[in-house]
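Step one of this worksheet: look at the structure below.
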Amino acid sequence: MIQEFHHPTSIAEAVRLRQASPASLYFAGGTEINSITWPSRPVGEFVTAILLDRLPLGDVTTADGAVTIGANVTIQELVDRPGVPPMLATAASQFSSRSVRHMGTVGGNIASNGSCSNLAPVLLALDASVELADAAGQRFVPLVDYLEHQDREALILAFRIPNGWQSRRWAVQKHCRTAIDVPIVAIGLTCGGNAQRIEQPIIALNGAVPHATRLTALEQRLHGQPLPSRDEVDDLVRQLVQSADDLRGSAAFKRHLAAVMISDGLREALDAKG
Amino acid sequence: MKIRVQINGVPRQLDVEPGERATAVLRRQGALVLRDGCNGEGICGICSIHYDGKLVNSCLLSAAQLDGHSIVTVDHYRRQRTLSIVQASLLDAGVSQCGYCTPAMVMAIEDVLSRSPTPTKAEVRDGLSGVFCRCTGYEQYYTAVETASRRLADPDYVPPKVQEFAQDLRLVGKQRRKVDGPKLVRGDKAYVEDMVEPGSCILKMVRSPHAHAYIRQIDTTEAEKVPGVVYILTHKNCPDVYYNQAGQGFPEPSPYDRKLISEKVRHVGDRVAAIVAETWEAAEEAAAKLVVDYEVLPPVMTIEQAAAPGAPLIHNSHLAYVVGAPEGLEEDNRLADPRDGRVIYQFPIHANPRKNIAASVHGHIGDVDQGFRDADVVIEREYESSQIQSTSTETHVVYTKMDGDRLVIHASTQVPFHLRRIVAAILGTSENNIRVIKERVGGGYGAKQDIVLEEVPAYLTWITGRSIYQRFTREEQFIACRTRHVMKIRVKLGAKRDGTLTAMYMDLQANTGPYGSHCLTVPMNACSKSLPLFLCDNIGFNVTTYYSNIAPTGAYQGYGAPKGSFALQLAMAELAEKLGVDHYALVDKNRVREGAMLEILRCLGEGREGKAERAGSCGLGPAMERGAEHIAWGKREESGDPDVKIGKGFAIIQQGSGLPGLDSANAEIKLLSDGTFMLLSGGADLGTGLDTVTSKFAAEALCCELKDVAVISADTDITPFDCGAYASKGTYFSGGAALNAANALRERILDAAAQMTKQARDTLEVVYPSKVVGPSKTVTFAEVAHFSEAGDGCGQLTAMGHYTSDKSSIPYGAHFAQVAVNTRTGKVTVQKFFALQDAGTPVNPELALGQIYGGVLKTIGHSLWEEMIYDDTGRCLNPNFLDYKVPMIEDVPETFVAELIDIHDEHGPYGTKSISEVACNGAAPAIASAIHDAVGVWMRSWPFSAEKVLRALGSIR
Ligand SMILES: Cc1cc2nc3c(=O)[nH]c(=O)nc-3n(C[C@H](O)[C@H](O)[C@H](O)COP(=O)(O)OP(=O)(O)OC[C@H]3O[C@@H](n4cnc5c(N)ncnc54)[C@H](O)[C@@H]3O)c2cc1C
Ligand code: FES
Ligand code: FES
């Protein structure tokens, strides 16, 4: 049970507070921290919460084609604000309910780093990097590395989507049972080129895996190649995805979904459907 | 910590616990209507507020997050007693049923309109996406928002009315605001939780972690020492009284197979100890100090496990019969284990607990075997359905207190009078020592037909004198409440080449779980509300219900019929395929018609002799025709995407209107001094609009305005006996009683007026508005009241009305679904749904439509997503809204249409029949046959999840 809340107004103060207590956590919208069932909610004995809402992390800015999105930007703002890449806005609009979108932030979403974020694969596919702050200072790390080797003590300040996203093709899909649900599979993919020759695809997946992941082996297999048949892509993905049975479905089902969503996503992105 | 927050425009400085939720803080500040539907999962949105102008779930906000922010609760929109535009528009659309979600909906709609004063349908859907409403099916919220939006621009805007009925009547069949509506949309005190007085104790039920076990030892010593603990009830100190929790008419067909707390636990979540304490913290501490030693037994979870030879027995009990004890009972009882306690049957229900059989029944008409021999085509199929929960937004809740030496129970119940009877028996006192007040019910749907929690706090208040509040968590609502019986139904149909049915047979196995609530009647209803839809000379059925260790089952809207209907209607679709004929044509050829003799009802008499009946008014023909027209039956649709196939399906449905010969209802009506009326109805309004029905009947019969009738209902001290709200009896029985009372009072008014005006009694007439007209003189009701109440008058004019019936006016309907099946992902999307129903004369047409939308959407949920899942030890893995998926507004079919067929019933009061339950019977078979039409696979097991569809298609193994 959280016993004290701090309301830092500077990043340095927030970082200092976090360093001061191992039983502390950053607290953004609180939609995961406070939900009694959301699967990726932080578990553990947290005594101190460091509220982030007074930090200057709420902007969406564009410079030289790159987009920087502050960690405190809410999911609903991703839908509404100009400047957010349409792919990310689409994923945000597929995020369950407006009531949660109003409070939940993009920083909290990525920091919880569980299988149920439908934004993480999209930010991966946009080749985002994440700006972090900790006692050592501020730095950018590729999102893919952050998710793989998460430093839970680091404060996420922002996400930077590099220039180039404008010309890439993309697809976003989320499969869940009802509208407010943990995604069974969520995908985000981008690529250059066309169906005859795919350039530098980024294919990311969540839901069926413990946290959002890029399917780099598939990306390499597709780069510079024409789009293979659906069956071929389906098979490739099935081989790459390890999943586990749970309430929402069997591992076989999730692998299948991942496969068809990625291969259909590729066709959609490359206008090669039908 | 100290926070500064602006609440409804007023700056406040508050002392809060840092970790507590905003919901609790705001409640302490008097924001009553911050209700709780999911205990803080963040899914139901029932706790919605505006936070800096944005809709959020207050349960997901910590108190500290309020600091420096501005909060608006629904209280802000409550200006004196005047309704806000949004509140009034919700009422006009008839979309506040139980009303528990309504304040949250008000907040959501205000949020939508603040962003977009003339919102599109997509904007409304998006804006309301976070608020769960189980009653209404959401469709009429679009109308409410449209009305509100137009009124914002033009306060005098009058919305178009829905189709009205019964041209010769003033009120019946006409759209009028629900009489209890203003209270609900304003968010006034209305529910049990609003009645709890400061200083009351709480009750925490310690529940079994095991599905099947004996309690070897239970030690309460340390727990009792916890300061603030008032009393701990266990099997050792609980009364030795057996009863059943089913709220059925006495003598009940459900076996008396439980005590308040038993020595044996029979499901995960079964009662082990009830702790009454002054604070929740004390109760929790005491629970942690309770020492329980279990002898764990193997759990029995499925019908197959229960029926297996040598299966562990759930009730290896001593058996007794009030009447009709079978031969050899004494011998049989030697096998009983005393730790299993007793089972008492009021009359035989063909149970055999030594084989885990809780009840059984079979019957037939004609010669079923010969019927199958005469058939050219015979099919035999098995259908399965999962365990589902009704998920009312308000969980089960009760508040008990003493008033002098009398016990008062504030209950959220469908059966206040059965509750009083059952509690009196447990307490060993008489009924006149107990008062049950049914408060507004935040969703009942059958699950509140049972005495699921009330008897324990009632008993504990009775012995301790303390006021006690108990409220189920959402988890308890799943594991310790009521769910629909799991069923496996084998259907065999025989037909001639031309489609004429020659024989029908249903073999039904049901899983009742740990106790026998409704164990005979729910499964039987699966037959009695499906077989009579088809005319066939040879019909048979066989029902066997098994005990097991799944969570308790019982009544739920539809009462078994949705499952029977799924099996039989889908089997008809399969038969059509086998015969190579159109499904619609096959159904139309064999379906029931007005005047047909329903012989099969002879064998289906709810634990007693049934009676063949002639089918009365029947709107099936027009319902099928209208539905076929709406959906363009027979026309193949293309999705434009080769992976997405579209199909259409339909089903016909029926229910009953109460239980003829079993049910009864009473009402009393009084003429007040100013010529208005006070109606005392025994009927329990669950949000269905029953109080509006009874008031309308009275006002119609007494030729007065609706506002001239005030109604008090379902208070056992004040209102006369009524069986309760179940079996779709409200309008028919409770409405009938109110009408009979009003008619009787009209006679008394005429008597008094004749005496007063000295005109011949038979020359007088009661005429609208509120007067008695005679050849020479007209008097108002107020004058008649004054005359009768005077010192030399005849006394206040009052009358009783009683209603029973031996007729079963059957409501019929036809439901049509169009689905899109994605053959790659297995996802089934219901694109269109048309529900055509015959309710006789719909008394409140807009509320009747709401009942249909709500029933249908629940069943779409059951068909596609809802299912309780267990592990091998008997633990339910998804007792919450994250994992048990209920439909939200974004899950509603894009085209969703409910329509009422205009038909008058010759028996029902003002030509009415029932409406609510029947709506649950069509979606599963209609969707399953549509899936078959789309992709050629028969989904014989619901829910039709994407994974099951893919398996049926062979895409995954
Ligand atoms: C009903 C419901 C529905 C949901 N639906 C979806 C959905 O459809 N898709 C989806 O992806 N998610 C969903 N979520 C999950 C959640 O709402 C989102 O992930 C949300 O974006 C989390 O943001 P937050 O600001 O509320 O995080 P918080 O709850 O404040 O924090 C979550 C975690 O992130 C950490 N954290 C927060 N901010 C930072 C930061 N700047 N730096 C470092 N660590 C930080 C916290 O310490 C905590 O561990 C849902 C949750 C609920 C309750
Ligand atoms: S109680 Fe807050 S969302 Fe359910
Ligand atoms: S009216 Fe919405 S839950 Fe009852």
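Heavy atoms only: backbone and side chains are in, while hydrogens, waters and symmetry mates are out. Below, chains carry the letters A, B, ... as their sequence lines are ordered, and counting in each starts from 1.
The contact between B/L877 and chain A is made by backbone and side chain atoms together, counting heavy-atom distances below 4.5 Å. Only the side chain of B/R115 has a heavy atom closer than 4.5 Å to any heavy atom of chain A. Looking at A/S96, the atoms closer than 4.5 Å to chain B (heavy atoms on both sides) all sit in the backbone: N, CA, C or O. If you measure heavy-atom distances from A/L51 to chain B, the contacts under 4.5 Å come from the side chain alone. Within the 4.5 angstrom heavy-atom criterion, atoms from both the backbone and the side chain of B/I43 approach chain A. Using a 4.5 Å cut-off between heavy atoms, A/L257 contacts chain B through its side chain alone, with no backbone atom that close. Neither the backbone nor the side chain of B/E867 comes within contact range of chain A; no heavy atom of the residue lies under 4.5 Å from a heavy atom of that chain. With a 4.5 Å cut-off on non-hydrogen atoms, A/A258 does not touch chain B at all. Of the two parts of B/D111, only the side chain, counted from C-beta on, holds a non-hydrogen atom closer than 4.5 Å to a non-hydrogen atom of chain A. Contacts between B/L61 and chain A at a heavy-atom distance below 4.5 Å involve backbone atoms as well as side-chain atoms. Both the backbone and the side chain of B/L882 come within less than 4.5 Å of a heavy atom of chain A. Both the backbone and the side chain of A/D181 come within contact range of chain B, each with at least one heavy atom under 4.5 Å from a heavy atom of that chain. Interface residue B/R957: only backbone heavy atoms are found under 4.5 Å from chain A. For a residue to count as touching a neighbouring chain, one of its non-hydrogen atoms must lie under 4.5 Å from one of that chain's; by this rule B/S955 touches chain A with backbone and side chain alike. The part of B/Y51 that comes within reach of chain A is its side chain, from C-beta onward, which places non-hydrogen atoms under 4.5 angstrom from that chain. Looking at A/R255, there are no atoms closer than 4.5 Å to chain B (heavy atoms on both sides), in backbone or side chain. Residue B/H50: no heavy atom, backbone or side chain, is found under 4.5 Å from chain A.
Ranked by non-hydrogen atom pairs under 4.5 Å with chain B, the options A/R98, A/E4, A/Q76 are led by A/R98. Note on A/N34, A/V260, A/T37, A/V182: by heavy-atom pairs under 4.5 Å with chain B, the leading option is A/N34. For the set B/M888, B/E20, B/R951, B/K827, the entry with the most heavy-atom pairs within less than 4.5 Å of chain A is B/K827. Annotation: maximal heavy-atom pairing with chain B below 4.5 Å, among A/S263, A/S93, A/A179, A/G30, occurs at A/A179. Listed options B/P887, B/G40, B/C59 were ranked by heavy-atom pairs under 4.5 angstrom with chain A; first place goes to B/G40. Across B/E890, B/E947, B/E41, the residue that shares the most heavy-atom pairs under 4.5 angstrom with chain A is B/E947. No other option in B/N57, B/V56, B/D126 has as many heavy-atom pairs under 4.5 Å with chain A as B/D126. Listed options A/I36, A/I2, A/V185 were ranked by heavy-atom pairs under 4.5 angstrom with chain B; first place goes to A/I36.
Put simply, CZ on B/R824 and NE2 on A/H256 are 6.5 Å apart, with the number rounded to the nearest 0.5 Å. Atoms CD1 and CG, from B/I869 and A/D246 in turn, are 9.0 Å apart once rounded to the nearest 0.5 Å. With values rounded to the nearest 0.5 angstrom, A/M1 atom CE is found 6.5 Å from B/E17 atom CD. Taken from CD in B/Q65 to NE2 in A/H7, the straight-line distance is 8.0 Å, to the nearest 0.5 Å. The CG atom of B/D883 lies 5.0 Å from the CG atom of A/L247; values are rounded to the nearest 0.5 Å. Rounding to the nearest 0.5 angstrom, the gap separating the CZ atom in A/R230 from the CG atom in B/D643 is 4.0 Å.
Of all residues in residues 231-239 of chain A, those placing a non-hydrogen atom less than 4.5 angstrom from a non-hydrogen atom of chain B are A/D234.
Atom CG of B/D872 has 12 or fewer heavy atoms from other residues, nucleotides or ligands within 6.0 Å. The local environment of CD in A/E45 is sparse, with at most 12 non-hydrogen atoms from other residues, nucleotides or ligands closer than 6.0 Å.
Side chains of A/D53 and B/H69 form a contact here, defined as non-hydrogen atoms less than 4.5 Å apart. At a threshold of 4.5 Å between non-hydrogen side-chain atoms, the residues A/F253 and B/S945 do not count as touching.
Between the side chains of B/S129 and A/R101, not a single donor N or O lies within less than 3.5 Å of an accepting N or O.
In terms of heavy-atom proximity, A/F5 sits nearest to B/P18 at CE1-O, 3.0 Å.
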